[in-house]
There are 2 protein chains.
Amino acid sequence: MISQARSHSVKRIADSTVRRLSAYLRFLEESAVDGVETISSDALARRGGTTSAQVRKDLSFFGSFGKRGLGYSVPELTSSLRDILGLGREWNVIIVGAGKIGMALGQYEGFEQRGFHVTAVYDTDPGKIGTQWGSILVRDMSRVEADIAEVTPDIAVLAVPVGEAQDAADRLIRAGVKAILNFAPTQLQVPGDVSVRNVNMAMELEGLSFILSNRDR
Amino acid sequence: MISQARSHSVKRIADSTVRRLSAYLRFLEESAVDGVETISSDALARRGGTTSAQVRKDLSFFGSFGKRGLGYSVPELTSSLRDILGLGREWNVIIVGAGKIGMALGQYEGFEQRGFHVTAVYDTDPGKIGTQWGSILVRDMSRVEADIAEVTPDIAVLAVPVGEAQDAADRLIRAGVKAILNFAPTQLQVPGDVSVRNVNMAMELEGLSFILSNRDR
DNA sequence: ATACACTTGTGAATGATTTCACAAGCTCGG
DNA sequence: CCGAGCTTGTGAAATCATTCACAAGTGTAT
Ligand SMILES: NC(=O)c1ccc[n+]([C@@H]2O[C@H](COP(=O)([O-])OP(=O)(O)OC[C@H]3O[C@@H](n4cnc5c(N)ncnc54)[C@H](O)[C@@H]3O)[C@@H](O)[C@H]2O)c1
Ligand SMILES: NC(=O)c1ccc[n+]([C@@H]2O[C@H](COP(=O)([O-])OP(=O)(O)OC[C@H]3O[C@@H](n4cnc5c(N)ncnc54)[C@H](O)[C@@H]3O)[C@@H](O)[C@H]2O)c1
């Protein structure tokens, strides 16, 4: 009962399922603001661009959260989803690469709001080291290993030029980092116990390009 | 023979396939720089984090590009993939929202390099309108419909606050935009003839959070 | 207390994607 | 020209994900 979520996590959960859970959570949060008390799988589905059966199946991997005939309690399901996604705690995040993207991410309030706390930003450029962004100080990349040894961040965001990405990742991993959000357009080679997610904007544009080129047939 | 790529595109191509093609292309470009002439599906797979059978299957949807016993010619496959992905031409892109993310994207050289030409950036903030970023001038969002009527961009990048995203998308779609790359963390509701790709960084972090929380079992 | 309208949770069916496995084709060395 | 060694291209099989369909609850109205 302490962790309804955990008790079911025997079979591997598909990536696509986790992404949808994230989407449901966001919609639930919006609904709560609007004062909605209860929501059906069908309403959740329409907003999330999926089907009600999909919503129920996704949730069923983790437990049984709804009331038949009624739907789901917005606050209860919100809390369960946060639990499932591991958002019940704060995660320490470092940003590596204080360039255009790193800067945008470091100043973005949305992450803190969801429990991702940026503890430090690193760069190799002497012109950037020591500069302050709001509450965040850009630190010297040569310190990263020492800092990680002291407080290991849960997640490292990699926002360095593509040619530096693998080396930087190797350094972080050697220092103990187990999860990386990579913005460089390259497939990082990492050991099996390290998780990587990629945000590849050029790839998304290419996906649109493919669709546009193949509209005809 | 003019378009080997097009001749096969009868059955729908999976999204995952298109993403991998994108990855293969990037690796091929790197290999070309290193002077590699020929590459096997196995080498392509290792670098792309997949299997050689997957590589061959992906390519087989579009034609037959390799030589048995030898592998694929790097320049030929590069060119075929560019063709398949619709990168043989230049795409006009507008950026809507000249904030932290919009600015990073507008100044990013990687997009131009791959044929995505940013023609304009729009914002509603009078303090931003009229400012210049490199070669790009921030324009008044109230002009967007008139500008689109003149030259319809192929793709619009949406980088406005989440509460503005649906309205901004509706405006763009009404004006004729058929493809959107959305950075706002919301599921846009769009008509069937409009393609949307989402870049949702918070969702990626939540994916890592889920993995980290469920490592134990 | 019963009927009615609704909605969940979930096996089973269907559909999609990935992996397997191997015949067929190419190159090279002798 | 032949055999050895590779590597592709592709049906068939296996795996994975989504959709269907419906029994089993739940709330409400009468
Ligand atoms: N800017 C974008 O819109 C955008 C879009 C898609 C992808 N990306 C990718 O994101 C990455 C960063 O892009 P950007 O535009 O912010 O580049 P940028 O050049 O503005 O910033 C990169 C920063 O990394 C620093 N750096 C270099 N080597 C480093 C190292 N070893 N350790 C720590 N810091 C190091 C540099 O000093 C610089 O400040 C690139 O891989 C780029 O391809 C960027
Ligand atoms: N900054 C990040 O790292 C980051 C990360 C993840 C997601 N996002 C998302 O990207 C979007 C933009 O984020 P940001 O950090 O760049 O925000 P921002 O506030 O820096 O920029 C938003 C810009 O959009 C402009 N704008 C507002 N309404 C507009 C409209 N109707 N038409 C045109 N322009 C309009 C604002 O004037 C502002 O310049 C948000 O939805 C945010 O949630 C940002």
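Numbers restart at 1 for each chain; the letters A, B, ... are given by sequence-line order, proteins then strands.
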**Request:** Report the residue (Ser52(B) or Lys57(A)) whose heavy-atom-nearest nucleotide on DNA chain D is the more 5′ of the two.
**Result:** Ser52(B)

**Request:** Let me know, please, whether Gly69(B) or Thr17(A) comes out on the 5' side of the other along DNA chain D by nearest nucleotide.
**Result:** Gly69(B)

For [N] and [X] - does any side-chain N or O of the residue sit under 4.0 Å from the phosphate oxygens OP1/OP2?
X: Thr51(B); N: dT19(C); answer: yes
X: Ser64(A); N: dG9(C); answer: yes
X: Ser41(B); N: dT7(D); answer: no

**Message:** Quick check: any donor-acceptor pair below 3.5 Å linking the side-chain of Arg68(A) to the base of dT8(C)?
**Reply:** yes

Between [options], spot the one nearest the side chain of [X], thanks.
X: Gln54(A); options: dA23(C), dT18(D), dG25(D); value: dT18(D)
X: Ser16(B); options: dT18(C), dT18(D), dA24(D); value: dT18(C)
X: Ala53(A); options: dT7(C), dA21(D), dT8(D); value: dA21(D)
X: Leu70(B); options: dT10(C), dT27(C), dT18(C); value: dT27(C)

I need the [atom1]-[atom2] distance between [X] and [N], as an integer number of Å.
X: Arg56(A); N: dG11(C); atom1: CZ; atom2: P; result: 14 Å
X: Tyr72(A); N: dT7(C); atom1: OH; atom2: C1'; result: 9 Å
X: Asp15(A); N: dT18(D); atom1: CG; atom2: P; result: 11 Å
X: Phe62(B); N: dT10(D); atom1: CZ; atom2: C1'; result: 16 Å
X: Lys67(B); N: dC6(D); atom1: NZ; atom2: P; result: 20 Å
X: Phe61(A); N: dT10(C); atom1: CZ; atom2: P; result: 11 Å
X: Phe65(A); N: dG9(C); atom1: CZ; atom2: C1'; result: 12 Å
X: Leu59(A); N: dT18(D); atom1: CG; atom2: P; result: 14 Å

**Test side-chain contact (heavy atoms from CB on, under 4.5 Å) applied to Ile180(B) and Ile155(B), Ile173(B), Asn198(B), the passing residue** = Ile173(B)

**Request:** Run the numbers on Glu206(B) and Arg26(A) for salt bridge (charged side-chain N to carboxylate O under 4.0 Å, His left out), then give the verdict.
**Result:** CA-CA 11 Å; Glu206(B) 285 166 18; Arg26(A) 207 164 322 259; 3.8 Å; yes

**Asked** Any Lys/Arg nitrogen of Glu29(A) or Arg82(A) sitting under 4.0 Å from an Asp/Glu carboxylate oxygen of the other?
**Response** yes

**Item:** Polar contact flag, side-chain donor to acceptor under 3.5 angstrom, Gln54(B)-Asp58(B)
**Value:** yes

**Prompt:** Can you find a side-chain donor-acceptor pair between Asp170(B) and Gln166(B) that sits under 3.5 Å?
**Reply:** yes

